[in-house]
Trainee: 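First, the structure itself, so that you have it in front of you.
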Amino acid sequence: MPQAAEPLVFAATCDLAGHVRGKGFPEADLAKRLRRGIGFTGSNIMMSAFGPIYETPFGTQGDLMLVPDPSTRVDVPFEGSASERFYLGDLKTTEGDHWEFCPRHFLRCALDALHALTGMTLKAAFEQEFVYTGVEERPSATYALDAFRRQDRFGELFLGAVRAAGAVPDSFLPEYGARQYEVTVGPSIGLRAADEAVIVREMARAVAWRLGHRAIFAPMLTPDGIGNGTHIHFSLVDGNGAPALHDPSGQHELSQAGVHFAAGILRHLPTLAAITAPSAASYYRLTPNRWAPTTVDLGVRDRGAALRVCPVFAAEGAADVAGQFNLEYRVADATASPYLALGAVVWAGLEGIRAQLPLPEPNGARPLPASLDAALRELAADEAARGWFGGAFHDVYLQFKRSELAQLGHATPADVCRRYAEVY
Ligand code: GLU
Ligand code: MG
């Protein structure tokens with residue numbers, strides 16, 4: 001062993017597959033790398049959920065820069081092991097312009113468009129479920145103190161890492177499924193909310209790995225198991241930072257903008273599924289009796305709904321009701337890049353505001369797509385969604401996801417779940 005260790009930093013994006021990928025460099029070069037980034041190529045964005053590049057329109061040509069964003073800095077020390085030191089960043093051309101296929105820029109464009117039209121921005125927090133393999137499977141572990149105890153130091157180390165990485169832990173609990181846990185963090189504005197979703201996932205993996213285990217975020221580990229959802233809580237915030245989703249006299253207590261925003265999401269929900277629940281395994285989760293959505297609906301305090309009006313806790317007084325008030329988008333899981341998922345939700349909501357859409361009648365709610373293939377057909381046919389991406393990215397995303405499906409071929413449902421559980 002040499003005496004001297006060279007501190008390394010990793011620059012990453014959370015890509016079309018929802019994987020966190022990038023390159024490392026000596027920390028000594030950080031100032032230069034923050035300016036210039038590190039080399040990347042178009043086809044890197046086509047690395048599949050399972051690893052290989054199956055198809056790529058970019059070929060072997062072209063150079064890009066993955067430029068770390070200083071606001072995403074993670075530098076979390078671990079006793080007896082290397083620090084977790086990474087940045088999330090943007091894919092740019094060698095001229096320094098945002099690359100049109102950058103997932104993080106997709107979200108930035110959606111937020112910019114929302115702001116340009118309404119003066120508002122979005123506050124959001126991701127609630128994430130996963131299976132921690134460091135505990136044995138036991139009956140009746142559901143929400144049990146005993147299941148909480150048995151994860152031992154994982155939870156404390158995990159939440160400590162989350163806080164050290166700059167997010168604010170809110171809760172950590174044993175969920176309904178065997179070995180299933182859930183983590184929530186406080187809300188953040190705009191891009192930062194998606195950055196934190198990525199960081200929280202990586203901190204779970206970082207701690208689990210150091211303990212000799214895994215945190216598995218795949219939507220379903222077996223076709224008849226319990227789903228791991230990634231629920232996106234969000235609200236609108238006006239130009240002064242004041243809550244803008246709540247109106248006590250509005251429909252479901254939603255402000256006028258909130259009604260339209262929710263209506264836009266519901267209008268485009270089958271399309272959104274292709275982006276927010278974007279794996280073959282996602283559709284085993286979106287089935288009845290799992291507290292996961294199956295239809296295009298808005299529910300008030302209903303955890304079966306696709307879009308849920310969440311409760312506010314008024315017991316301490318009504319002062320902060322508007323601040324607490326939020327919607328929860330539940331048709332999402334961790335096979336989606338948080339940048340694409342949140343970006344698509346914002347784009348769809350914005351469509352609702354633009355067209356001043358009313359909420360649909362609650363009766364006769366349409367079913368959600370029953371498979372990724374069906375969801376991709378919705379996305380392909382949605383002209384508005386083509387505009388969200390810009391035409392070329394729309395095509396590339398469809399090609400990316402279709403090649404993932406083709407690769408699975410006629411795999412059995414159990415095999416599909418197993419393959420995603422290996423990699424998420
Ligand atoms: N596990 C459920 C899902 O797949 C959610 C349970 C809950 O309401 O937290 O979305
Ligand atoms: Mg939960």
Trainee: Using side-chain heavy atoms (C-beta onward) and a distance below 4.5 Å, is Tyr283 in contact with Met220?
Mentor: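 SC-SC contact between Tyr283 and Met220 ruled out.
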
Trainee: Would you say Glu253 and Val309 make side-chain contact, with heavy atoms under 4.5 Å?
Mentor: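 SC-SC contact between Glu253 and Val309 ruled out.
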
Trainee: Sequence neighbours excluded and cut-off under 3.5 Å, please list the side-chain donor-acceptor pairs for residues 209-216, or say none.
Mentor:
residue: Arg210; atom: NE; partner: Ser81; partner atom: OG; Å: 2.6
residue: Arg210; atom: NH1; partner: Glu84; partner atom: OE2; Å: 2.9
residue: Arg210; atom: NH1; partner: Ala206; partner atom: O; Å: 3.1
residue: Arg210; atom: NH2; partner: Ala82; partner atom: O; Å: 2.9
residue: Arg210; atom: NH2; partner: Glu84; partner atom: OE2; Å: 3.2
residue: His213; atom: NE2; partner: Leu211; partner atom: O; Å: 3.4
residue: Arg214; atom: NH1; partner: Ala421; partner atom: O; Å: 2.9
residue: Arg214; atom: NH2; partner: Ala421; partner atom: O; Å: 2.9
residue: Arg214; atom: NH2; partner: Glu422; partner atom: O; Å: 3.4
residue: Arg214; atom: NH2; partner: Tyr424; partner atom: O; Å: 2.9

Trainee: Got Ile53 and Ser48 here, is their nearest side-chain heavy-atom distance under 4.5 Å?
Mentor: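 SC-SC contact between Ile53 and Ser48 ruled out.
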
Trainee: Tell me whether Asp373 is salt-bridged to Arg402, with the criterion being a basic N under 4.0 Å from an acidic carboxylate O.
Mentor: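 Salt bridge between Asp373 and Arg402, a charged N being under 4.0 Å from a carboxylate O: no.
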
Trainee: Under 4.5 Å between any side-chain heavy atoms of Gln256 and Asp247, yes or no?
Mentor: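 Side chain of Gln256 against side chain of Asp247, heavy atoms only: no contact under 4.5 Å found.
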
Trainee: Do Ser282 and Asp333 meet the criterion of a side-chain donor-acceptor pair at a distance under 3.5 Å?
Mentor: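 There is such a pair (donor and acceptor under 3.5 Å, judged by atom type) between the side chains of Ser282 and Asp333.
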
Trainee: Name the atoms and distances for all side-chain donor-acceptor pairs under 3.5 Å in residues 165-174, with sequence neighbours left out.
Mentor:
residue: Asp170; atom: OD2; partner: Thr184; partner atom: OG1; Å: 3.0
residue: Ser171; atom: OG; partner: Thr184; partner atom: OG1; Å: 2.5

Trainee: Supply the atom-to-atom distance Thr230 OG1 to Ile232 CD1, rounded to the nearest 0.5 angstrom.
Mentor: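 Going from the OG1 atom of Thr230 to the CD1 atom of Ile232 covers 7.5 Å.
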
Trainee: Flag this pair as yes if the NZ/CZ of Arg201 is under 6.0 angstrom from the six-membered ring centre of Phe130 and inside a 45 degree cone about the axis; otherwise no.
Mentor: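 Not satisfied by the 6.0 Å and 45° rule.
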
Trainee: So Leu236 and Lys123, do their side chains get closer than 4.5 Å, heavy atoms only?
Mentor: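 When only atoms from C-beta onward are counted, Leu236 and Lys123 do not touch, as no gap falls below 4.5 Å.
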
Trainee: Extract all donor-acceptor atom pairs below 3.5 Å that involve side chains of residues 323-331 and protein atoms in other chains or at least two apart in sequence.
Mentor:
residue: Gln324; atom: OE1; partner: Phe313; partner atom: N; Å: 2.6
residue: Gln324; atom: NE2; partner: Phe313; partner atom: O; Å: 3.2
residue: Asn326; atom: OD1; partner: His233; partner atom: ND1; Å: 2.8
residue: Asn326; atom: ND2; partner: Gln324; partner atom: O; Å: 2.9
residue: Glu328; atom: OE1; partner: Arg308; partner atom: NE; Å: 2.5
residue: Glu328; atom: OE1; partner: Arg308; partner atom: NH2; Å: 3.1
residue: Glu328; atom: OE1; partner: Arg330; partner atom: NH1; Å: 3.0
residue: Glu328; atom: OE2; partner: His231; partner atom: ND1; Å: 3.1
residue: Glu328; atom: OE2; partner: His233; partner atom: NE2; Å: 3.2
residue: Glu328; atom: OE2; partner: Arg330; partner atom: NH1; Å: 3.3
residue: Tyr329; atom: OH; partner: Thr276; partner atom: OG1; Å: 2.8
residue: Arg330; atom: NE; partner: Arg303; partner atom: O; Å: 3.1
residue: Arg330; atom: NH2; partner: Trp291; partner atom: O; Å: 2.8
residue: Arg330; atom: NH2; partner: Arg303; partner atom: O; Å: 2.9

Trainee: Can you check whether Glu175 reaches Tyr181 side chain to side chain, under 4.5 Å on heavy atoms?
Mentor: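 In short, these two side chains do not touch, never coming nearer than 4.5 Å.
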
Trainee: Got a donor-acceptor contact below 3.5 angstrom from the Lys401 side chain to the Pro278 backbone?
Mentor: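 Present.
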
Trainee: Indicate yes or no: at least one non-hydrogen side-chain atom of Val183 is less than 4.5 angstrom from one of Val200.
Mentor: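 They are in contact (side-chain heavy atoms under 4.5 Å apart), so the answer is yes.
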
Trainee: Side chains of Tyr339 and Phe106: closer than 4.5 Å at any heavy-atom pair?
Mentor: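 The answer is no, as the side chains (C-beta and beyond) never meet within the 4.5 Å cut-off.
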
Trainee: Taking Gly62's backbone N and O only, do any of them form a donor-acceptor pair with Thr41's side chain (distance below 3.5 Å, no angle check)?
Mentor: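 Flag set: sc Thr41 to bb Gly62 pair under 3.5 Å.
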
Trainee: Side chain of Ser337, backbone of Cys14: donor and acceptor closer than 3.5 Å?
Mentor: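 Checking the backbone N and O of Cys14 against the side chain of Ser337, a donor-acceptor pair under 3.5 Å is found.
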
